[in-house]
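This is a predicted model, so every value here is computed, not measured. Positions are given from 1 along the sequence.
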Amino acid sequence: MTTPQEILSMLGDEKIKMVDLKFVDMPGTWQHLTLYYNQIDEISFTDGVPFDGSSIRGWKAINESDMAMVLDPNTAWIDPFMKEPTLSIICYIKEPRTGEPYKRCPRVIAQKAMDYLVASGIGDTVFFGPEAEFFIFDDVRFDQTANAGFYYIDSIEGRWNTGREENPNLGYKPSFKGGYSPLPPIDNFHDIRTEMLLTMADCGIPVEKQHHEVATGGQCELGFRFGKMLQAADWLMTYKYIIKNVARKYGHSATFMPKPIFGDNGSGMHTHQSIWKNGQPLFAGDKYAGLSETALYYIGGILHHAPALLALTNPSTNSYKRLVPGYEAPVNLAYSQGNRSASIRIPLSGTNPKAKRLEFRCPDGTCNPYLAFAAMLCAGLDGIKNKIDPGDPLDENIYELTPEVLAQVPSTPGSLELALEALGKDYKFLTEPGVFTEDIIETWINYKLHTEVNSIRLRPHPYEFSLYYDA
């Protein structure tokens with residue numbers, strides 16, 4: 001724990017002149033405001049720093065725009081990308097006139113989910129460990145006008161470039177679906193990932209590993225240790241920030257877009273989670289795969305609410321281009337200790353009960369982690385409270401199942417629109433505990449439908465010209 005007094009002392013001792021305040025909007029993007037150090041005092045950690053909230057997506061109207069950023073002293077780190085020494089601090093949002101936490105602030109929602117866990121009596125701590133994959137590209141161009149629309153991405157690692165004149169082309173490019181952990185020189189980004197990992201460590205994130213991922217074209221992943229829910233969400237936001245800025249330093253562009261490349265694996269965010277109480281893990285037991293009955297009910301809750309849950313864990317239209325069969329994507333709403341096409345996997349944990357957890361494999365990096373983690377916890381707790389049976393595990397090879405058997409396995413929604421429709425029908429598990437409000441659910445659905453789903457629906461797709469131009 002860090003106190004406001006320690007932060008203020010750090011500003012003086014380290015001669016830091018600038019303080020960068022970061023907060024997350026509803027869709028899940030960091031926003032920031034940078035202040036001269038003498039604008040921060042102890043009151044900033046209780047009353048907050050005022051700002052205009054009317055320009056933030058999904059928040060206030062202009063006639064009620066006054067809001068305040070309240071600094072969390074436990075989130076401070078020196079920003080490695082600023083020219084002048086700058087202390088970064090993550091904030092939550094407060095209503096300055098009432099003093100109440102702002103109900104649409106994602107960080108406030110995550111805190112309410114953790115409070116709900118304690119109030120339920122089921123547990124007192126929930127740990128999350130997200131594994132967010134990403135691509136590193138060399139060139140990214142896209143545009144959409146009234147008479148044209150295109151995207152173009154490129155990578156020195158792209159298998160499609162084996163015949164390109166590169167003066168010289170050395171030919172070391174991962175094949176499609178052949179990029180999992182190759183050595184350099186096929187792995188072009190080892191040193192960049194190492195710098196990303198070390199930068200994360202310098203910013204206080206407990207790092208573990210880095211490696212290339214399955215897809216050609218520069219798909220990668222870095223790993224950091226699990227943390228308490230709010231902490232893990234803060235670390236994930238910092239992770240994305242560091243990856244994008246280190247890539248930019250080397251003249252590359254990093255993206256967490258789930259499916260930027262056609263015909264190869266997309267990027268997911270497998271999310272490990274477990275509940276503890278009084279310092280003891282609750283998910284270890286003598287049931288399937290060494291799980292407890294509590295863990296199985298938690299799985300039942302996630303599977304039961306999965307169609308609605310995905311509106312928050314997979315909240316982009318592009319998310320559902322990843323969630324298709326044939327690319328290791330977890331499209332089957334089932335659980336298994338080894339089947340990676342199941343949406344919930346039970347990782348190997350040996351005999352250590354503290355390592356027993358489940359891995360929800362559907363989410364991707366376009367989600368707002370504060371909302372996604374809160375929603376997953378609410379779904380799991382609903383499963384525990386109502387003793388929702390997850391059914392039998394799916395341990396067979398999914399690719400060897402007959403069509404008749406496969407038809408009995410529920411699958412993820414086929415589009416963001418269908419997921420939003422499911423959320424509109426199934427949201428009580430989020431609102432009845434007081435974590436989300438109906439206003440937040442309605443705002444989320446309307447924003448996603450009007451800003452994303454309908455915007456995509458209205459525009460011609462380039463491939464439609466191949467299909468229909470000669471009609």
Side-chain angles (χ1 to χ4, degrees), residues 131-144 148-197 209-223 240 242-270 316-331 340-341 361 364-366 399 461-467 469:
E131 300 175 339
E133 300 163 336
F134 58 94
F135 279 89
I136 299 176
F137 294 127
D138 307 321
D139 190 27
V140 183
R141 289 177 278 139
F142 50 89
D143 200 4
Q144 179 74 58
F150 79 97
Y151 70 88
Y152 177 85
I153 55 177
D154 207 358
S155 170
I156 189 68
E157 279 198 351
R159 189 69 175 184
W160 55 85
N161 281 326
T162 54
R164 183 173 68 175
E165 180 57 62
E166 295 179 349
N167 301 310
N169 189 327
L170 301 178
Y172 294 116
K173 305 181 191 300
S175 61
F176 288 95
K177 298 188 179 183
Y180 192 74
S181 299
L183 287 168
I186 293 176
D187 180 358
N188 284 259
F189 298 121
H190 173 85
D191 289 337
I192 293 177
R193 291 196 309 271
T194 293
E195 182 168 333
M196 291 171 174
L197 197 73
K209 61 184 183 296
Q210 58 95 341
H211 61 89
H212 204 285
E213 263 296 346
V214 173
T216 190
Q219 190 183 36
C220 302
E221 181 187 318
L222 278 63
K240 295 174 72 173
I242 289 170
I243 283 168
K244 291 177 182 179
N245 279 282
V246 172
R248 183 177 183 271
K249 174 182 174 181
Y250 286 91
H252 300 294
S253 177
T255 180
F256 291 84
M257 186 176 177
K259 192 75 169 183
I261 294 177
F262 171 68
D264 209 337
N265 284 23
S267 292
M269 190 183 77
H270 308 151
S316 71
T317 58
N318 188 253
S319 298
Y320 299 85
K321 293 177 170 62
R322 165 186 168 251
L323 292 177
V324 294
Y327 298 94
E328 298 186 25
V331 298
R340 291 176 184 266
S341 65
R361 295 174 61 82
D364 63 55
T366 61
Y399 303 112
H461 189 284
Y463 193 61
E464 289 179 314
F465 285 83
S466 296
L467 293 173
Y469 189 76

Who are the side chain to side chain donor-acceptor pair (under 3.5 Å) partners of [X], not counting sequence neighbours?
X      : answer
Ser267 : Gln219
Arg193 : Asp187, Gln210
Asn318 : none

Side chains of [X] and [Y], heavy atoms from C-beta outward: is any pair under 4.5 Å?
X      : Y      : result
Met196 : Ile136 : yes
Lys321 : Val324 : no
Tyr320 : Asp364 : no
Pro185 : Leu170 : no
Trp160 : Phe176 : yes
Leu323 : Pro330 : yes
Ile192 : Val246 : yes

Please check if the side chain of [X] supplies one atom and the backbone of [Y] the other of a donor-acceptor pair under 3.5 Å.
X      : Y      : result
Thr216 : Arg159 : yes
Glu157 : Gly218 : yes
Lys240 : Ala132 : no
Asp191 : Phe189 : no

* Asked: With Tyr180, which residues qualify under ring-ring contact (aromatic ring centres under 6.0 Å, His included), at least two apart?
  ->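 Scan of Tyr180 (ring-ring contact (aromatic ring centres under 6.0 Å, His included), adjacent residues dropped) gives His211.
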* **Selection residues 163-175 - residue pairs positive for side chain to side chain donor-acceptor pair (under 3.5 Å), sequence neighbours left out** =>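 Output for this query lists Asp154-Arg164, Arg164-Glu166, Glu166-Lys173.
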Could you measure the distance from the [atom1] atom of [X] to the [atom2] atom of [Y]? Nearest 0.5 Å is fine.
X      : Y      : atom1 : atom2 : result
Cys220 : His212 : SG    : NE2   : 5.0 Å
Ser319 : Met269 : OG    : CE    : 10.5 Å
Ile243 : Leu197 : CD1   : CG    : 9.0 Å
Leu222 : Phe134 : CG    : CZ    : 5.0 Å
Ile261 : Ser155 : CD1   : OG    : 7.0 Å

What donor-acceptor contacts under 3.5 angstrom involve side-chain atoms of residues 250-258, with partners at least two apart or in another chain?
{"unit_1": "Tyr250", "atom_1": "OH", "unit_2": "Glu195", "atom_2": "OE1", "d": "2.3"}
{"unit_1": "His252", "atom_1": "ND1", "unit_2": "Asp138", "atom_2": "OD1", "d": "2.8"}
{"unit_1": "Thr255", "atom_1": "OG1", "unit_2": "Met257", "atom_2": "N", "d": "3.0"}

* Nearest heavy-atom pair of Phe135 and Gly217: which atoms, and what distance? ->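 Shortest heavy-atom contact: CD2-O, 3.8 Å.
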* Crowded around Phe150 CZ? As in, over 12 foreign heavy atoms under 6.0 Å? ->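 Correct, the count exceeds 12.
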